[in-house]
Protein chains: 2
Amino acid sequence: MASQTEENYLKSLFNMANEAGEVNISELAQQMQVSMPTVNSMVKTLQKNGWLIYEKYKPVILTSEGKKEAALVIRKHRLTEMFLVNKMGFGWEEVHEIAEQIEHIHAPKFFERMDEMMGHPTVDPHGSPIPDKLGRIQEVNYSTLSQCKTGQLVVLAALTNSSTEFLEFLNSRELNLGKELKILSKESYDQSMVVSFKDHASETLSEKVCDRLLVRVVG
Amino acid sequence: MASQTEENYLKSLFNMANEAGEVNISELAQQMQVSMPTVNSMVKTLQKNGWLIYEKYKPVILTSEGKKEAALVIRKHRLTEMFLVNKMGFGWEEVHEIAEQIEHIHAPKFFERMDEMMGHPTVDPHGSPIPDKLGRIQEVNYSTLSQCKTGQLVVLAALTNSSTEFLEFLNSRELNLGKELKILSKESYDQSMVVSFKDHASETLSEKVCDRLLVRVVG
DNA sequence: CAATTTTGTTAGATAGTTCTAACTTTTTAC
DNA sequence: GTAAAAAGTTAGAACTATCTAACAAAATTG
Ligand SMILES: [Mn+2]
Ligand SMILES: [Mn+2]
Ligand SMILES: [Mn+2]
Ligand SMILES: [Mn+2]
């Protein structure tokens, strides 16, 4: 059984993998906030457990068992976040830190019960998909708001970044998932966009913000 | 901040302390399911943290800081058990193992929210008192059913033992907290008691069972 | 009270997760 | 295509939580 530390590495590996499924040691070290030698010894351990492929001086690659292990931890994380928001009244900006701890609880029934109580949600409070019990993750591809054209009508569906600061910024503009936005104009100098919400005056959103908003085009 | 291991030791120390507040190393080793040298080194660590008083060859004694630390972990444990039963539909026999893990989560708001959602409960699903936010524990003294006399009317209020097996035994007899029992007779040979429940035929309860049932005498 | 048993301590080891310092290999830049 | 920079590895150490073996102190018992 994976330790808490191992579970955190697996999660990062899963999220960081490129198209080829590769992750560099230095990037992983930065992500995990530990030194490269620490990562070096941990990847050897993860390899011994059959969760990744490691060859000296090469980027590491999760095995399918590693991916499944990671996805099941991510499932617990996202179910927890959704439970905290939907059943316990937390804001979407408060739940990540708590879920970071609860994801390591070994109690299948506890997460089963959360899942049931919420009617088997498919996404977490930030729009990220919740893997199923077998660790399968449903891929959805939204566009970023930046990629959209003037005149389009879009619905905010997910985020590419869920830092507390960004979530608090979105709260301050009442930008929550499901919100309909109409793209009024795009400034070619700095890529900022002017959008209007239903029942709300128009807003200017910087390129940085537009890059972090994932939307479904509805018109 | 106490590690998970330290928190588990503190909890055991708190629960095992005799009238003088003393706990023997050998008893603690047995309780924690570790060797005596392991306990020996841990009590030195706990002493360094100011949570207990240790002198060679003497039983250890929690300091008031140690007692508070312990009580706050017990608070998290019991709030969790109550939440699992009242808000998530678990049986009282299923919650201890889960709470044993969740009690180590560092997220004051999470437990605050549980407490609020339940309207600040004062006891856990097994009738044990929930310490307050300052680690103060309200002492209640019930009698065991064994101590009661024939003819008395009592209400089941708590348990001296909450093992899964005992809880399952109580489930099988529909003996839950709040149940009114009338003591019909007591067998002097083996101390077994015959009791009748409201809306139920009479039952014989062994001495072992009667010792584990804490009751409030109501008539 | 002396012998035995029980309780507690020390020493030394292991496993997990982390570090820094020193070194090597690979990649990038001129 | 060499030199410098970046990435990765090894060695050696620390800290936590645990163990067993050996020893010492305290408690019990005849
Ligand atoms: Mn999260
Ligand atoms: Mn985590
Ligand atoms: Mn419990
Ligand atoms: Mn515990």
Side-chain angles (χ1 to χ4, degrees), chain A residues 1-13 16-18 20-62 66 69-70 73 100-101 103-106, chain B residues 1-14 16-62 66 69-70 73 100-101 103-106:
Chain A
M1 200 169 52
S3 68
Q4 290 201 15
T5 309
E6 288 168 337
E7 287 187 341
N8 285 333
Y9 276 90
L10 288 171
K11 244 182 359 145
S12 288
L13 284 162
M16 293 168 74
N18 62 20
E22 295 177 338
V23 179
N24 295 324
I25 303 299
S26 59
E27 288 165 16
L28 186 52
Q30 190 155 33
Q31 173 68 33
M32 296 299 297
Q33 303 264 62
V34 297
S35 67
M36 286 207 291
T38 299
V39 171
N40 183 269
S41 84
M42 181 53 75
V43 297
K44 287 171 179 171
T45 303
L46 295 173
Q47 183 183 40
K48 280 199 198 84
N49 289 321
W51 290 318
L52 60 69
I53 293 155
Y54 165 64
E55 285 178 86
K56 257 194 184 186
Y57 299 109
K58 295 251 182 77
V60 296
I61 304 178
L62 281 183
E69 197 77 15
V73 178
E100 202 56 53
Q101 297 178 63
E103 69 190 0
H104 305 295
I105 300 290
H106 295 291
Chain B
M1 201 169 51
S3 69
Q4 290 202 14
T5 309
E6 288 168 338
E7 288 187 341
N8 285 334
Y9 276 90
L10 288 171
K11 244 182 0 144
S12 287
L13 284 162
F14 188 95
M16 294 168 74
N18 60 21
E19 317 73 44
E22 295 176 339
V23 179
N24 295 324
I25 303 298
S26 60
E27 288 165 16
L28 186 52
Q30 190 157 32
Q31 173 69 31
M32 297 298 298
Q33 303 264 59
V34 298
S35 68
M36 285 206 290
T38 299
V39 171
N40 184 268
S41 84
M42 180 53 75
V43 296
K44 287 171 180 170
T45 303
L46 295 173
Q47 184 184 37
K48 280 199 198 84
N49 288 322
W51 290 319
L52 59 69
I53 292 155
Y54 165 65
E55 285 178 87
K56 256 194 185 185
Y57 298 110
K58 295 251 182 76
V60 297
I61 304 178
L62 282 183
E69 197 76 16
V73 178
E100 201 55 53
Q101 297 179 62
E103 69 190 359
H104 305 295
I105 300 290
H106 296 292

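Below, each value reflects all heavy atoms present in this structure, side chains not excepted, and no hydrogens, waters or symmetry copies. Here is the naming used below: chain letters follow the sequence lines, and residue numbers restart at 1 for every chain.
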Open item on the list: For dT9(C) and K58(B) - does any side-chain N or O of the residue sit under 4.0 Å from the phosphate oxygens OP1/OP2?
Closed with: no
Task: Approximate separation, where rounding is to 0.5 Å, of Y54(B) OH and M42(B) CE - done: 14.0 Å
Task: Nucleic acid contacts of residues 47-57 of chain A, taken as heavy-atom distances under 4.0 Å to DNA chain C - done: Y57(A)
Task: Under the side chain to side chain donor-acceptor pair (under 3.5 Å) test, residues paired with N49(A) that sit two or more places apart - done: E6(A)
TODO: Ignoring backbone atoms, establish whether N40(A) has a side-chain N or O less than 4.0 Å from OP1 or OP2 of dT9(D).
DONE: yes
Open item on the list: Once rounded to the nearest 0.5 Å, what's the spacing between atom CD of Q101(A) and atom NE2 of H104(B)?
Closed with: 12.0 Å
Open item on the list: How many whole angstroms separate atom CD of E27(A) from atom C1' of dT27(C)?
Closed with: 14 Å
Can you list, pair by pair, the side-chain donor-acceptor contacts under 3.5 Å of residues 29-36 of chain A, counting residues two or more places apart and other chains?
residue, atom, partner, partner atom, Å
S35(A), OG, T38(A), N, 3.4
S35(A), OG, T38(A), OG1, 2.9

TODO: Please report, rounded to the nearest Å, how far the C1' atom of dA7(D) is from the CD atom of Q30(A).
DONE: 12 Å
Task: d(CD1, I25(A); P, dT10(D)) in whole Å - done: 11 Å
TODO: Can you sort out the partners of K44(A) under side chain to side chain donor-acceptor pair (under 3.5 Å), two or more places apart, ordered by chain and number?
DONE: N40(A)
- [ ] Mind calculating the distance between CG (L28(A)) and C1' (dA7(D)) to the nearest angstrom?
- [x] 13 Å
- [ ] Write down the distance between CD (E22(B)) and C1' (dG8(C)), rounded to a whole number of angstrom.
- [x] 15 Å
Open item on the list: Output one letter per nucleotide in nucleotides 1-6 of chain C: B when a protein non-hydrogen atom lies under 4.0 Å from the base, S when only the sugar-phosphate is that close, - when neither is.
Closed with: ------
Task: Interatomic distance, E27(A) atom CD to M16(A) atom CE [nearest 0.5 angstrom] - done: 5.0 Å
- [ ] For residues N8(A) and E103(A), determine if any side-chain heavy atom of one lies less than 4.5 Å from a side-chain heavy atom of the other.
- [x] yes
Open item on the list: Is the shortest side-chain heavy-atom distance between I25(A) and V43(A) below 4.5 Å?
Closed with: yes
Open item on the list: Return the CD to CD distance between E7(A) and E100(A), rounded to the nearest 0.5 Å.
Closed with: 10.5 Å
TODO: Measure the shortest side-chain to side-chain distance between L52(B) and L13(B) over non-hydrogen atoms and say whether it is less than 4.5 angstrom.
DONE: yes
Task: Protein-to-nucleotide contact annotation, 5' to 3' order, nucleotides 11-21 of chain C [B base; S sugar-phosphate only; - none; under 4.0 Å, heavy atom] - done: ------SBBBB
Open item on the list: Distance check, rounded to the nearest 0.5 Å: L62(B) atom CG versus E69(B) atom CD?
Closed with: 10.5 Å
